[in-house]
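See below for the structure under consideration.
Chain letters run A, B, ... following the sequence lines, proteins first, then strands; residues in each count from 1. Quick caveat: nothing in here was measured; it's all calculated off a predicted structure. The analysis underlying the following values was restricted to heavy atoms, covering all of them including side chains, and did not include hydrogens, waters or symmetry mates.
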Amino acid sequence: MSEKELRRSMSVFPIGTVMKLTDLSARQIRYYEEQDLIVPMRNEGNRRMYSLTNIDVLLEIKDYLSDGINMAGVKRIYKLQESKEKNREQEMTKMMTDDDVRKILHDEFLAVSGLNTKKPHLFLDQNRIG
DNA sequence: TTTCTTACA
DNA sequence: TGTAAGTA
């Protein structure tokens, strides 16, 4: 996660500030949380603290709602994005793994055939195996 | 003062 | 969704 993303994910705004920034009522903001559209952090006093990312989502929700989409529809949109991101990450992980295996087999082949002119990969791959 | 939870003439 | 009550 980049520093920019870390900053955007820092929960530092109390609900009152979020109300002004999004023009939503506290009731609505808490309701969207109940619908699992956002997951604000809690401070020592059990107060909800929101991040810029949370605020972005709330603004997006407002846009969808103003476009005539109901809560069920909004929830479907985020559910879909969530599953797609998981699949993408899983695919990426699988690709990385396959690539590692390929490199390892390639290096082993070079070593056995006595043509290993580049050993650098062996260190990295062995660490990944362990 | 602000926010939280719960509940509803 | 709004709003009231009683807290923290």
Side-chain angles (χ1 to χ4, degrees):
Chain A
M1 190 180 273
S2 70
E3 287 188 34
K4 180 181 178 182
E5 291 174 314
L6 281 175
R7 288 186 205 289
R8 295 187 59 71
S9 65
M10 292 194 298
S11 301
V12 296
F13 304 110
I15 197 168
T17 299
V18 179
M19 288 174 67
K20 294 174 182 174
L21 260 34
T22 63
D23 194 41
L24 290 170
S25 66
R27 182 81 162 81
Q28 291 175 302
I29 296 172
R30 297 191 188 108
Y31 175 68
Y32 300 149
E33 176 186 350
E34 261 185 71
Q35 302 306 305
D36 294 314
L37 267 33
I38 55 174
V39 185
M41 180 139 254
R42 297 289 186 124
N43 64 13
E44 315 73 36
N46 193 41
R47 266 69 205 289
R48 273 170 264 250
M49 297 303 278
Y50 302 82
S51 67
L52 289 174
T53 301
N54 289 153
I55 293 174
D56 284 337
V57 173
L58 289 173
L59 291 173
E60 287 176 20
I61 295 173
K62 236 182 67 171
D63 287 336
Y64 287 132
L65 261 36
S66 64
D67 282 338
I69 298 177
N70 54 39
M71 273 311 302
V74 174
K75 288 179 68 174
R76 274 168 45 205
I77 293 174
Y78 285 93
K79 283 290 183 182
L80 191 61
Q81 285 188 358
E82 188 177 311
S83 62
K84 277 191 175 180
E85 283 185 20
K86 283 186 178 178
N87 289 330
R88 185 174 59 68
E89 287 179 15
Q90 288 179 358
E91 287 302 316
M92 189 62 72
T93 299
K94 188 174 187 303
M95 288 174 67
M96 296 283 280
T97 300
D98 289 339
D99 190 50
D100 283 344
V101 172
R102 184 188 63 69
K103 284 180 181 176
I104 294 172
L105 291 177
H106 181 249
D107 287 337
E108 286 186 347
F109 171 76
L110 291 179
V112 172
S113 59
L115 300 175
N116 53 322
T117 54
K118 46 180 179 180
K119 302 177 181 177
H121 279 306
L122 290 177
F123 297 104
L124 293 174
D125 292 340
Q126 286 178 347
N127 286 332
R128 290 178 187 176
I129 294 175

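Of the residues A:M49, A:R47, A:R30, A:R48, the one that meets the side chain to side chain contact (heavy atoms under 4.5 Å, CB included) test with A:P40 is A:R48. Among A:L37, A:I29, A:T53, the single residue meeting the side chain to side chain contact (heavy atoms under 4.5 Å, CB included) criterion with A:L58 is A:I29.
Taking atom CD1 of A:I29 as the reference point, atom C1' of B:dT3 lies 12 Å away to the nearest angstrom. We find that CE of A:M19 is positioned 11 Å from P of B:dT2, with the value rounded to whole Å. For the pair A:K20 NZ and B:dT3 P, the computed distance is 8 Å after rounding to whole Å.
On a pure distance criterion of 3.5 Å, no polar donor-acceptor pair joins the side chain of A:R30 and the base of B:dT5.
In this structure, A:D67 contributes its side chain and A:I69 its backbone to no donor-acceptor pair below 3.5 Å.
Between A:Y50 and A:L21, every side-chain heavy-atom pair lies at or beyond the 4.5 Å cut-off.
For B:dT3, there is no paired base (Watson-Crick or G-U wobble, both distances below 3.5 Å). Both distances falling under 3.5 Å, in either a Watson-Crick or a G-U wobble arrangement, occur for no nucleotide opposite C:dT1. Base pairing analysis places C:dT7 opposite nothing; no Watson-Crick or G-U wobble pair with both distances below 3.5 Å involves it.
What you find for A:T22 and A:K62 is that their closest heavy atoms are O-NZ, 3.0 Å. A:I55 and A:F13 make their closest contact through CD1-CD1, 3.7 Å (heavy atoms, listed as atom of the first residue, atom of the second, distance). Across all non-hydrogen atoms, the minimal contact from A:M41 to A:S11 is CB-OG, 3.5 Å.
A:Y50 comes within 4.0 angstrom of nothing in the nucleic acid, heavy atoms only. Within the 4.0 angstrom heavy-atom criterion, no nucleotide atom of any strand lies near A:G45.
The side chain of A:R48 contributes no N or O atom lying less than 4.0 Å from OP1 or OP2 of B:dT3. Put simply, A:R27 has no side-chain N or O that comes within less than 4.0 Å of OP1 or OP2 on B:dC8.
Of all nucleotides in DNA chain C, those with any atom nearer than 4.0 Å to a heavy atom of chain A start and finish, going 5' to 3', at C:dT1 to C:dA8.
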